[in-house]
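One structure is given here, and the rest of the page talks about it.
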Amino acid sequence: ESTADPLSTITVYENVLHDEFHAVRHKHSGNVLMEAYHNVIYDSESAFYLRTARAEVHHNLIYRVGDAFRIWDENRQADSEQWLSHNTIAESDSLLVVLSDDPDYTRVVHLTDNLFAARSSSDGVLILARWGSDYGVSIEGWTFASNLYDLTDGGADFLFHKEIGVAGTPVALPFSAALTHLGDTTSISEAAGFVDAGANDYRLDATSPARAAASDGGDIGALVYEDP
């Protein structure tokens, strides 16, 4: 990818990936575009490590991972925009981890219509510059909407966020305060309503609050409800 032409396009689809550190990783791809869909990723440290100019990551099933989406600015060569929507993430630690911002470029993330079920603790479901980041993370222009969070402890320290130019440690906010901070008026915290999570069946059951709750009127997550 270090020699890829600017705005080269990569499509990652219909793969089963497991027991990886980063299941999908772009090492040197500041000007590369990516679409990823219909993948199953499990038992990995992170599912997607994104360093692309633009990524559209949708309708993927991810379970038993540390981070579903990790974003960093290393080797960044352009402004970036990431669309993360309609993914189902189960038994995992964090939905989104952004390590730092490069002050020379802008970044926008759209996080919508995802279903996230925490593994054991929701300490840092969203982490926007938490550990030693030099610059912090700006969320100007970002979208947080219509996600369903199944939290094991009610969302204590749900969000860690350090703004650009703000000294000191990141702010830590519980679920409700975090949504206000992010300008999110449509996401909810409810039990996911999986068919059989113990058997890795993460389809929605008939009573799931994710049904018909997405911003487009469909189901939240990657796996829609199916009539028996």
Side-chain angles (χ1 to χ4, degrees), residues 22 41 44-51 55-58 60 62-73 80-101 106-133 135-164 166 168-192 210 213-215 220-222:
H22 302 303
I41 300 173
S44 298
E45 176 61 26
S46 69
F48 289 93
Y49 191 6
L50 302 173
R51 288 187 281 185
E56 298 181 15
V57 184
H58 60 92
N60 299 282
I62 301 165
Y63 58 98
R64 294 198 302 267
V65 302
D67 312 328
F69 306 111
R70 183 180 296 190
I71 300 175
W72 197 20
D73 283 315
S80 67
E81 192 163 15
Q82 320 292 344
W83 299 79
L84 314 173
S85 65
H86 280 290
N87 300 286
T88 294
I89 302 98
E91 300 180 68
S92 298
D93 296 327
S94 296
L95 174 58
L96 175 65
V97 176
V98 182
L99 299 182
S100 66
D101 248 342
T106 62
R107 170 177 48 219
V108 175
V109 176
H110 307 283
L111 190 72
T112 63
D113 302 313
N114 299 286
L115 194 165
F116 176 84
R119 176 158 26 203
S120 59
S121 172
S122 56
D123 180 13
V125 172
L126 303 177
I127 299 174
L128 311 180
R130 181 177 181 183
W131 299 287
S133 296
Y135 303 115
V137 172
S138 170
I139 57 172
E140 183 178 355
W142 290 32
T143 306
F144 298 89
S146 300
N147 300 293
L148 188 152
Y149 298 96
D150 184 343
L151 306 173
T152 58
D153 62 357
D157 290 345
F158 173 86
L159 167 71
F160 288 90
H161 183 205
K162 182 178 180 182
E163 288 275 10
I164 291 178
V166 176
T169 59
V171 63
L173 296 174
F175 181 76
S176 295
L179 262 58
T180 300
H181 180 78
L182 299 171
D184 184 346
T185 61
T186 54
S187 292
I188 58 174
S189 176
E190 299 280 354
S215 59
I220 291 174

Please list, chain by chain and in numerical order, all residues satisfying ring-ring contact (aromatic ring centres under 6.0 Å, His included) with Tyr149, sequence neighbours excluded.
Phe158, Phe175

When rounded to the nearest 0.5 angstrom, what distance separates CZ in Arg51 from CZ in Arg70?
10.5 Å

Look only at the side chain of Asn114 and the backbone of Asn147, and say whether a donor-acceptor pair between them is shorter than 3.5 Å.
no

Does Ser92 use its side chain to pair, donor to acceptor, with the backbone of Ala90 at less than 3.5 Å?
yes

Partners meeting side chain to side chain contact (heavy atoms under 4.5 Å, CB included) with Glu81 (sequence neighbours left out)
Arg54, Trp83, Val108, His110

For Ile62, does its backbone N or O pair with a side-chain atom of Asn87 as donor and acceptor, under 3.5 Å?
no

Quick check against the 3.5 Å criterion: does Glu45 have a side-chain atom that pairs as donor or acceptor with the backbone of Gly66?
no

Using a 3.5 Å distance criterion without hydrogens, assess whether the side chain of Asp113 forms a donor-acceptor pair with backbone atoms of Ser215.
yes

With sequence neighbours excluded, tell me which residues meet side-chain hydrogen bond (donor to acceptor under 3.5 Å, both in side chains) with Thr88.
none

Give the minimum heavy-atom separation between Ala47 and Ala68, together with the two atoms involved.
CB-O, 3.3 Å

Apply side-chain contact (heavy atoms from CB on, under 4.5 Å) to Leu126 and Leu111, showing your working.
CA-CA 11 Å; Leu126 303 177; Leu111 190 72; 3.9 Å; yes

I'd like to check the side-chain hydrogen bond (donor to acceptor under 3.5 Å, both in side chains) partners of Asp184; sequence neighbours left out, ordered by chain and number.
Ser187

For Ala191, which residues count as a side chain to side chain contact (heavy atoms under 4.5 Å, CB included) partner, sequence neighbours excluded?
Asp150

Could you give me the CA-CA distance, side-chain angles and deciding distance for Leu173 and Leu179, then say whether side-chain contact (heavy atoms from CB on, under 4.5 Å) is met?
CA-CA 9 Å; Leu173 296 174; Leu179 262 58; over 6 Å; no

Considering residues at least two apart in sequence or located in another chain, which fulfil the side chain to side chain contact (heavy atoms under 4.5 Å, CB included) criterion with Ser85?
His58, Thr112

Arg119 (side chain) donor-acceptor with Ser94 (main chain) under 3.5 angstrom:
no

Show your reasoning for whether side-chain contact (heavy atoms from CB on, under 4.5 Å) applies to Phe144 and Leu159.
CA-CA 12 Å; Phe144 298 89; Leu159 167 71; over 6 Å; no

Taking atom CD1 of Ile89 and atom CG of Asp67, what is their separation to the nearest 0.5 Å?
11.5 Å

Between the side chain of His86 and the main-chain N/O of Ala222, is any donor-acceptor distance below 3.5 Å?
no

Between Ala210 and Leu115, which heavy-atom pair has the shortest distance, and what is it?
CB-CD1, 3.9 Å

Test Leu84 against Phe48 for side-chain contact (heavy atoms from CB on, under 4.5 Å), laying out the working first.
CA-CA 10 Å; Leu84 314 173; Phe48 289 93; over 6 Å; no

Rounded to the nearest 0.5 Å, what separation is found between the CG atom of Leu95 and the CD1 atom of Ile127?
10.5 Å

At what distance, to the nearest 0.5 angstrom, does CG of Leu96 lie from CZ of Phe116?
10.5 Å

Measure the spacing between NE2 of His161 and NE2 of His181 and express it to the nearest 0.5 Å.
5.0 Å

